Protein chains: 2
Amino acid sequence: MKLPTSTEWVLHCATSLAQLRPGETASAAQLATYYDLPAPYLAKQLQALTKAGVLAASTGPRGGFRLGRPAADITLLQIVEAVDGAAQPYECREIRQQGRGALAREDCQDTCILAAKMGAAHRAWRASLAAVSLADILDELPSGAPARTRRILMG
Amino acid sequence: MKLPTSTEWVLHCATSLAQLRPGETASAAQLATYYDLPAPYLAKQLQALTKAGVLAASTGPRGGFRLGRPAADITLLQIVEAVDGAAQPYECREIRQQGRGALAREDCQDTCILAAKMGAAHRAWRASLAAVSLADILDELPSGAPARTRRILMG
DNA sequence: GAATCATTACTCGGATAGGCTTTGTCCGAGTACAGCAGG
DNA sequence: CCTGCTGTACTCGGACAAAGCCTATCCGAGTAATGATTC
């Protein structure tokens with residue numbers, strides 16, 4: 001069970017974009033330089049965030065990415081699932097209905113207990129991430145961080 | 001973020017083994033037939049569980065696998081991490097210290113806030129799985145299940 | 001001087017290769033049981 | 001009849017290929033700013 005490396009990238013990029021002022025944007029190249037990341041691949045991930053509505057993109061000169069919603073309405077879960085997909089890590093393939101020990105169809109109407117427990121754990125994980133918004137992250141940063149980020153990122 | 005397909009296999013196999021009587025064992029071939037799984041690959045996974053101490057293996061005729069501990073002392077988390085590894089899904093590579101926007105070493109003494117939040121979610125996931133033991137699973141099964149499992153599996 | 005238009009340069013978007021983990025398979029070492037021979 | 005030994009067949013254990021996904025990269029379509037041109 002491993003999250004893509006790009007998960008860290010987009011979390012930090014989203015945090016940086018949240019520190020911009022309304023109307024300002026940052027291009028994929030600027031973000032890649034800021035964190036020393038491969039620019040084309042990072043752009044691909046930002047595309048996924050845009051498709052999910054977390055970010056909004058503008059083309060042309062002085063274009064780039066910005067948040068698609070207020071920072072308080074963007075949760076870490078939405079960012080993570082935008083790049084990794086929302087599929088459950090544990091996929092129940094109903095092996096209890098296969099092989100010599102296959103159970104009758106009527107005994108499998110309710111979901112497998114093991115799948116239910118794994119699903120509960122996944123829900124706990126999602127709830128933990130859904131409880132944190134980008135605004136919460138910004139509150140934890142030092143007060144001088146936004147100015148520094150804007151200066152280095154866009155300068 | 002995906003768990004190996006074999007996770008479902010070993011969870012069901014462990015549940016089946018928990019229904020055996022003390023001293024009884026089931027071979028990898030018997031378990032593979034019971035669930036219609038590729039026997040060699042399943043054996044590989046059961047090896048991992050044995051190495052983790054969750055199962056115990058006996059060689060020779062009438063040998064096979066059995067639980068390595070009482071069912072009440074085996075949690076779903078131990079089974080899952082035996083096959084998938086205990087590595088965290090989110091790996092913080094400290095990209096905040098790289099690139100044009102790199103922070104000073106002294107500003108990074110405490111762990112990255114994003115990594116902390118991701119770690120908290122992972123701890124919630126692990127706690128949810130650690131709270132369920134194989135004995136808890138057996139309690140949820142129908143009362144006639146163990147006899148049926150033993151008959152079909154070992155017969 | 002102001003408005004219009006063509007140019008330009010910069011942006012995102014999707015389609016295209018390489019590396020690595022996961023999946024699947026095989027054969028060899030070791031062991032407990034069963035049968036047999038001997039006492 | 002009991003004991004010891006030998007052979008056998010069955011078990012796990014580790015080493016060996018193939019597939020799928022993540023990583024990385026490229027080039028093309030579109031757009032907003034810019035500068036020149038014209039009224």
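In what follows, chains carry the letters A, B, and so on, assigned in the order in which the sequence lines appear, proteins first and then strands, with residues in each chain numbered from 1. Since the model is a prediction, treat every value here as computed from it, not as a measurement.
- At a cut-off of 3.5 Å, with distance as the only test, no side-chain donor of B:Thr25 or B:Arg62 sits close to an acceptor on the other residue.
- Closest approach to the A:Lys44 side chain among D:dG13, C:dT22, D:dA24 is made by D:dA24 (side chain taken as heavy atoms from C-beta onward).
- Proximity of A:Asp73 to A:Leu134: side-chain heavy atoms (C-beta onward) are nowhere separated by under 4.5 Å.
- Listed pair A:Ser58 / D:dA32 fails the phosphate criterion, with no side-chain N or O lying under 4.0 Å from OP1 or OP2.
- Of the candidate nucleotides D:dT25, D:dA33, C:dT25, D:dT25 has the atom lying nearest to any side-chain atom of A:Pro40.
- Taking 4.0 angstrom as the limit, B:Thr5 places a side-chain polar atom (N or O) nearer than this to OP1 or OP2 of C:dT23.
- One atom, CG of B:Leu42, and another, P of C:dG24, lie 11 Å apart when rounded to the nearest Å.
- Side-chain atoms of A:Thr59 lie closest to C:dT11 of the nucleotides D:dA24, C:dG13, C:dT11.
- What separates CZ of A:Arg66 from C1' of C:dT11 is a distance of 13 Å, to the nearest Å.
- Using a 4.0 Å heavy-atom cutoff across all strands shown, B:Ala57 reaches sugar-phosphate atoms only and no base atom.
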Q: Kindly indicate, with the supporting measurements, whether the criterion side-chain hydrogen bond (donor to acceptor under 3.5 Å, both in side chains) is fulfilled by B:Arg123 and B:Gln88.
A: CA-CA 9 Å; B:Arg123 280 194 295 275; B:Gln88 289 198 5; over 6 Å; no

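- The CZ atom of B:Phe65 sits 16 Å away from the P atom of C:dT31 (whole-angstrom rounding).
- Within the 4.0 Å cut-off from OP1 or OP2 of D:dT25, not a single side-chain nitrogen or oxygen of A:Tyr41 is found.
- Counting non-hydrogen atoms under 4.0 angstrom, B:Ala29 reaches nothing in the nucleic acid.
- In this structure, B:Glu91 places its CD atom 11 Å from P of C:dT21, rounding to the nearest Å.
- Side-chain contact annotation: A:Gln78 with A:Arg69, donor-acceptor N/O pair under 3.5 Å present.
- Residue-to-nucleotide proximity on DNA chain D shows that, of A:Ser6 and A:Arg62, the 5′-proximal contact is made by A:Ser6.
- Between the C1' atom of D:dC22 and the CD atom of A:Glu8 lies a distance of 16 Å, rounded to the nearest Å.
- Going from atom CD of B:Gln45 over to atom P of C:dT23 covers 7 Å, rounded to whole Å.
- Between B:His12 and B:Tyr35, the distance separating the two ring centers is shorter than 6.0 angstrom.
- With C:dT25, D:dC12, D:dG13 as the choices, the nucleotide that has an atom nearest any side-chain atom of B:Gln47 turns out to be D:dG13.
- Look at CG on A:Leu31: it is 13 Å from C1' on C:dT11, rounded to the nearest Å.
- When the nucleotides C:dT23, C:dT25, D:dT23 are ranked by their closest atom to the side chain of B:Pro4, C:dT23 comes out on top.
- For the pair B:Met1 CE and D:dC21 P, the interatomic distance rounds to 17 Å; values are reported in whole Å.
- Of the candidates C:dC33, C:dT11, D:dC12, C:dC33 carries the atom nearest the B:Pro61 side chain, counting heavy atoms from C-beta on.
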